[in-house]
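Along the sequence shown, residues are numbered consecutively beginning with 1.
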Amino acid sequence: MGERARLRLRKKKNKKKTQSKTKNKQTKTLSHVSALSFSYVAKALSGIFMKMFNIQIERRFEISSSLAGLIDGSFEIGNVLVIVFVSYFGSKLHRPKFIGIGCFLMGTGSILMALPHFFMGYYRYSKETNIDPSGNSTSNLPNCLSNQMLSLNRTPPEIVERGCVKESGSHMWICVFLGNVLRGIGESPIVPLGISYIDDFAKEGHSSLYIGTVNAMGMIGLVFGFMLGSLFAKMYVDISYVDLSTIRITPKDSRWVGAWWLGFLVSGILSIISSIPFFFLLPNPNKPQKERKVSLFLHVLKTNDKRNQIANLTNQGKNITKNVTGFFQSLKSILTNPLYVIFVIFTMLHMSSYIAAFTYVIKIMEQQYGRSASETNFLLGILALPAIAIGMFSGGYIIKKFKLSLVGLAKLGFCSATVHLLSQVLYFFLICESKSVAGLSLTYDGNSPVRSHVDVPLSYCNSECNCDESQWEPVCGNNGITYLSPCLAGCKSSSVNKEPIVFYNCSCVEVTGLQNRNYSAHLGECPRDDACTRKFYIYFAIKVLDSFLSAVGLTSYSVLVIKIVQPELKALAIGFHSMILRSLGGILVPIYFGALIDTTCMKWSTNSCGARGACRIYNSTFLGRAFFGLKVALVFPVLVLLTVFIFVVKKKFRGKDTKVSENERQVMDEANLEFLNNSERFTPSTEE
C-alpha cells in the first residue's frame, strides 16, 4: 500500500508539472500572438492612410499626381531594398527584437511623414487667403468692380517675386518620401519573421489558427483605418490652429485638404507602442516540435559533431561559394521555366490594374461624380473591403471543395480577369460629361464650346475687369455654368456676410439669356446633375461586385506559383514573384498612372512665383477614358497570356495529377489571409 501511494503521489506531481508547463506555454504563445496582432493593426493603419491621403498630400504640397504617385510607391522602394537581408538574416538573429526594431522604424517613418505639417505654416488654399497670428483666416474675393480700382495700385512683379522663398515649403514632400521609405524598411520583417515565429513555437496543428487570428486583426485594422481616414479627411488640415468659421471651402472643394498628418501621427505612435513587447520576448521560448522529436538522435551524434567541427570550418569557404553558385543556378532554372515566366507577366499586369484602381479611386470618384474623399473612404471601408475579404475566402472554399487541378486554377484566374475586364468596359458608359466651365470648356460668355482649354480669350463681358486669369476661386452661376472666379464672371457686388457667399450683377451670366434677370452666382463649383448621380450608384455597385468576383479568382494565384516550379525552388519562386510585383507594380504603377492623369488637367494652381502646383479641375471625360482605357490595355493581355498558359499546362501535365494537396491548401489559406492584410497595396505579400 505504501508503494502504491507513493506511485499515485508521483503521478499527481507529474500531472501538475505537465499542466503547469502547458499553461505557461499557452500563455507565452498568446503573448506572442497578441504582440504580433497589435503590430499588424498598426501596420494596416499606416498603409491604408498612405493610400487614402494621397490626394491630400498632392494638394498640401502643391505637386502633380505623378510625383504623388512616386511618394506612394516609395514604401515599396524601402521594402525591396531590405527584403533579401531580412529574409536571410532574420531567422538567424533574435526574431522578436528584429520585429520590434521594424515596428519602431515603421512608427518613426510615419511620424516623419507627419512632421512637415508642423514646419510649413498655415495652408493657403487661395492666393487671396491671409491668416493672422491669432488664427483668423481673411480672404479678399475681388470682383470686376474692385479689380478695376485695384489695377491702378497693382504690386510690381519684382516685389511679388520676393515672396517666392517663403513658399518653398512645398519641397517638404521629400520628408514624406523619406518617411515612407523608412516605413517600408521597418515593415519588412514583421510579416515573414512574425509568421515563422508563430509557426515554429505554436502547438502542432494550432499555427493556422494563430496565423488566421493575426491576419484577422490586420483586417480589422484596415476597416478601422478606413473609418478613421474618413473622419480625418473631414477635418480641416489646420484644425485647432485657425478659426474654422472663417474657412470658406468645404470637403467637396478641389482645394480642400483634410488632417492627413493626424493619421500618420496616430499610426506612428501606435507602431512605436507595438514595438515594446517584442523586446521582452525570448528568441526561443520553447523548442519547435520537430527539434523535440529529433533531440535524442542529436544527442547521440553530439560526439561525432565535435570531431567534424574542424573539418566544417575548413569547408566553410567552399560552402559559401557553392551556395552562391547554387542560387544563380536556381534563379536560372525558374527564369527558363516558360510557365513561371508567363505566370509572372500576367499576374504583374493583372495586379497593376488593381494597384492603379486603389491608388486613384478617390480622385476618380471626386472628379467624375463630385464625391468628397471622406465619403469615398467611408464607402470603400464598409462595402468594397468586406467584398474583397468574402471573395478571397470564397475562392479558397471553391478550390478546396472542387479540388481544382492546375488547369482549373488557371481557369479560375481567367474568369477573374474576364470579370475585371468587363467591369472596366462598363465604366466607359458611366463616365460623366465634363463640367461646363467658362474659360476652360466654354467661352467666357458661356455661349460656345472651345477647342482647347489653353489661353481661352476673354469676352466682352469681362475684358474690362482686369482679372487675374490664374486665379481659381470658382463660382456657380444660376445658369448652371462654373466660372473660374467672381471677377471672370463679371460680378460687380457680393453679400460677404451671407452663407454661402452670393455675387450679383454678373455680366457674363447675364448674356446667356436668362429671363428672370437674376444674374447672380454663388461661391463654389456647380454640382453634378441627377443623371451623373445615378451613374455613380451604378458605378459603385459594379465596383463592389467586381471586387468580390475578382477576389474569388485571384485566390488561385497563390497556389499556381508553387505548383509550376520544382518543390525545392518554391521559396525562390515566391520571393522573386513578390519582388517583381513590388518593383514593377507597387513602385511604377502609381507613377505612370499619375502622369497619365496629369495630362487631363485643365487648370493648375500657381503660386506667387508663377510655378505650377496641384491640379484644380480635370477634363472628367478624358480622365475617365484615359484611366479606364489604360486599365483595359493592362488586363486584355492577361486573358491572352492565361489562354497560352492553360494550353501549355494541358500539354505539359497531360495525364498527371495536378490537384491541390493538403499542404498546398494550407499555404493557400495563409497566403490569402496575408493578401487581405496587405490589401492597402493590392499586392499579395508572399515572402513567408
Colleague: Find out whether Phe232 and Asn377 are in side-chain contact, i.e. whether some heavy atom of one side chain is under 4.5 Å from a heavy atom of the other.
Modeller: no
Colleague: Any side-chain heavy atom of Tyr504 within less than 4.5 Å of one from Tyr519?
Modeller: no
Colleague: Below 6.0 angstrom between ring centroids: does that apply to Tyr539 and Tyr427?
Modeller: yes
Colleague: Is there side-chain contact between Val437 and Tyr483, with heavy atoms separated by less than 4.5 Å?
Modeller: no
Colleague: Taking NZ, NE, NH1 and NH2 as the nitrogens, is one of them in Arg625 or Glu433 under 4.0 Å from a carboxylate oxygen of the other?
Modeller: no
Colleague: Answer yes when Glu473 and Arg255 have at least one side-chain N-carboxylate O distance shorter than 4.0 Å, and no when they do not.
Modeller: yes
Colleague: For Phe536, is the CZ atom crowded, meaning more than 12 foreign heavy atoms sit under 6.0 Å from it?
Modeller: yes
Colleague: Hey, do the aromatic rings of Tyr236 and Trp256 have their centres closer than 6.0 Å?
Modeller: yes
Colleague: If every non-hydrogen atom of Ile99 is compared with every non-hydrogen atom of Pro189, which pair is closest and at what distance?
Modeller: CG1-O, 4.0 Å
Colleague: Just wondering, do Ser39 and Phe278 contact through their side chains at under 4.5 Å, heavy atoms?
Modeller: yes
Colleague: With sequence neighbours excluded, what pairs up with Thr376 under the side chain to side chain donor-acceptor pair (under 3.5 Å) test?
Modeller: none
Colleague: Without hydrogens or angle criteria, can the side chains of Ser66 and Asp598 be said to hold a donor-acceptor pair below 3.5 Å?
Modeller: yes
Colleague: Is the closest side-chain donor-acceptor distance between Lys603 and Tyr618 under 3.5 Å?
Modeller: no
Colleague: According to side chain to side chain donor-acceptor pair (under 3.5 Å), who are the partners of Thr482, at least two apart in sequence or on a separate chain?
Modeller: none
Colleague: Output, in order, the C-alpha distance, side-chain angles, deciding distance and verdict of side chain to side chain contact (heavy atoms under 4.5 Å, CB included) for Leu442 and Val450.
Modeller: CA-CA 5 Å; Leu442 299 172; Val450 295; 5.8 Å; no
Colleague: Locate the shortest heavy-atom distance separating Val223 from Gly381; write the atom from each residue and the value.
Modeller: CG1-O, 4.4 Å
Colleague: Would you name the heavy atoms of Tyr444 and Cys508 that are closest together and state the gap between them?
Modeller: O-CB, 3.5 Å
Colleague: Any non-hydrogen side-chain atom of Arg183 less than 4.5 Å from a side-chain atom of Met50?
Modeller: yes
Colleague: Over 60° means perpendicular and under 30° means parallel, so classify the ring planes of Phe118 and Trp261, tilted if in between.
Modeller: perpendicular
Colleague: Please state whether the sulfur gamma atoms of Cys487 and Cys465 sit closer than 2.5 Å to each other.
Modeller: no
Colleague: CE/Met120 to CZ/Phe61 distance, rounded to the nearest 0.5 angstrom?
Modeller: 5.0 Å
Colleague: Side-chain contact, heavy-atom cut-off 4.5 Å: Leu228 with Ile48?
Modeller: no
Colleague: Thr621 and Ser434: side-chain donor and acceptor closer than 3.5 Å?
Modeller: yes
Colleague: Are Glu366 and Arg371 within salt-bridge range, i.e. N to O under 4.0 Å?
Modeller: no
Colleague: Could you pull out all residues at least two apart from Arg528 that satisfy side chain to side chain donor-acceptor pair (under 3.5 Å)?
Modeller: Ser620
Colleague: Can the positive tip of Lys43 be found less than 6.0 Å from the middle of the six-membered ring of Tyr40, inside 45° of the ring normal?
Modeller: yes
Colleague: Might you point out which heavy atoms bring Gly258 and Gln56 nearest each other, and give the distance in Å?
Modeller: N-OE1, 2.6 Å
Colleague: I need the minimum non-hydrogen distance between Asp445 and Tyr460, along with the two atoms involved.
Modeller: OD2-CE2, 4.4 Å
Colleague: With a 4.0 Å cut-off on N to O distance, would you call Glu62 and Arg612 a salt bridge?
Modeller: no
Colleague: Check the side chains of Ser46 and Ser110 for a donor-acceptor pair under 3.5 angstrom, ignoring hydrogens and angles.
Modeller: no
Colleague: With a 4.5 Å heavy-atom cut-off, do Ser583 and Glu76 have their side chains touching?
Modeller: no
Colleague: Suppose we call two aromatic rings close when their centres sit under 6.0 Å apart. Are Phe593 and Phe627 close by that rule?
Modeller: yes
Colleague: Parallel under 30°, tilted from 30 to 60°, perpendicular over 60°: which one fits the rings of Trp173 and Phe177?
Modeller: perpendicular
Colleague: Regarding Asn180 and Ser74, is there a side-chain donor-to-acceptor distance under 3.5 Å anywhere?
Modeller: yes
